[in-house]
Number of protein chains: 2
Amino acid sequence: MGKEPAAPREQRHSQLLRGVLDLCLLALIAERPRFGYEIVEALGESGLELVSEGSIYPLLARMERNGLADTYRAPSPSGGAPRKYYRPTEAGLAELEAGRTAWLAFRGAVDQALSAGAPTEDTPEEGK
Amino acid sequence: MGKEPAAPREQRHSQLLRGVLDLCLLALIAERPRFGYEIVEALGESGLELVSEGSIYPLLARMERNGLADTYRAPSPSGGAPRKYYRPTEAGLAELEAGRTAWLAFRGAVDQALSAGAPTEDTPEEGK
DNA sequence: TTCATTATCTTGCGGTGCAAGACACTCCTG
DNA sequence: CAGGAGTGTCTTGCACCGCAAGATAATGAA
């Protein structure tokens with residue numbers, strides 16, 4: 001005993017983000033160059049409020065290392081540490097496009113799987 | 001170089017499944033009791049073809065251990081090892097309901113985040 | 001100088017999908 | 001009766017990654 005997860009409900013969110021978080025980042029920096037802090041806020045506005053900096057900085061660094069994004073620095077206009085702006089490379093844009101497709105397919109598959117045994121089930125799917 | 005993952009594209013699928021796979025299983029056994037092999041096939045029909053037995057048996061066992069599902073055995077009608085049927089408990093149904101809600105919220109958030117910098121958009125970003 | 005603000009980066013932990021393979025039960029054939 | 005094939009279940013070990021927590025850095029104001 002004592003090995004209970006204790007918070008299985010909130011943990012689901014963490015697991016859900018996997019495999020999609022990098023895509024979201026790519027989409028965000030594809031819209032326009034952004035820096036870390038800004039991205040956290042942008043994600044929050046999308047409804048992904050639980051994403052924190054500890055999640056995205058390593059991810060951003062990995063993307064840069066893998067050649068999906070490149071960066072440049074610029075001083076902070078409001079005083080403070082200089083900002084590091086991220087912007088997708090060609091490879092990054094390609095990855096984003098592939099990822100969008102994968103997400104759409106996955107989303108459809110999960111929707112269908114979850115519709116099984118749904119409570120609102122009038123869906124009179126023909127008997128096979 | 002030389003430490004590249006080699007297959008980042010196919011790996012995304014694995015990561016996407018996290019946090020949702022248990023929900024799919026719950027939905028499937030909520031529709032009617034099912035056994036392992038059957039579940040793999042059902043998932044495949046939904047589009048989740050890459051899910052293999054190595055993924056779901058441990059998951060099924062975990063759900064049983066956590067009181068989300070209970071089981072009973074029945075002989076295989078077509079000869080072979082006896083089947084182990086899974087069916088959700090009350091707690092399992094509650095978890096399924098909560099999970100559906102979480103999935104819907106997450107899905108919307110990701111859709112919105114991914115719509116940023118979409119190619120179909122007139123992206124009027126000026127050349128800086 | 002010292003402090004507050006803004007922002008980036010690192011470490012260690014914990015959860016989990018999956019490939020690979022071992023094991024179990026039943027029927028069929030000779 | 002023995003052997004084989006088909007059908008299902010279960011276990012081990014690994015690799016991946018989000019995240020809490022905290023360290024670090026740069027700038028401007030008091």
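Below, chains carry the letters A, B, ... as their sequence lines are ordered, and counting in each starts from 1.
- Distance CG (A:Leu59) to P (C:dT8): 15 Å, rounded to an integer number of Å.
- One interatomic measurement links the two molecules: OH of A:Tyr57 to P of D:dT24, which rounds to 17 Å at whole-angstrom precision.
- Rounded to an integer number of Å, the gap from CG of B:Leu48 to C1' of C:dC18 is 14 Å.
- Contact between the side-chain N/O atoms of B:Ser52 and the OP1/OP2 oxygens of C:dA19 is found at a separation under 4.0 Å.
- Under 4.0 angstrom from either OP1 or OP2 of C:dA7 there lies at least one side-chain N or O belonging to A:Arg83.
- Note on B:Tyr37: every side-chain N or O is 4.0 Å or more away from OP1 and OP2 of D:dT7.
- Taking only side-chain nitrogens and oxygens, B:Ser76 never comes nearer than 4.0 Å to OP1 or OP2 of D:dT7.
- In this entry the distance linking CD of A:Gln11 with C1' of C:dG15 reads 6 Å, nearest Å.
- Between B:Asp22 and A:Arg12 there is a salt bridge, since a side-chain N of the basic residue sits under 4.0 Å from a carboxylate O of the acidic one.
- Rounded to whole Å, atom C1' of D:dC17 lies 13 Å from atom CZ of B:Arg12.
- Between B:Arg62 and C:dT16, a side-chain N or O to OP1/OP2 separation shorter than 4.0 Å is present.
- For C:dG17, the OP1/OP2 oxygens have no side-chain nitrogen or oxygen of B:Ser14 closer than 4.0 Å.
- The separation between A:Leu16 atom CG and C:dG15 atom P is 16 Å, rounded to whole Å.
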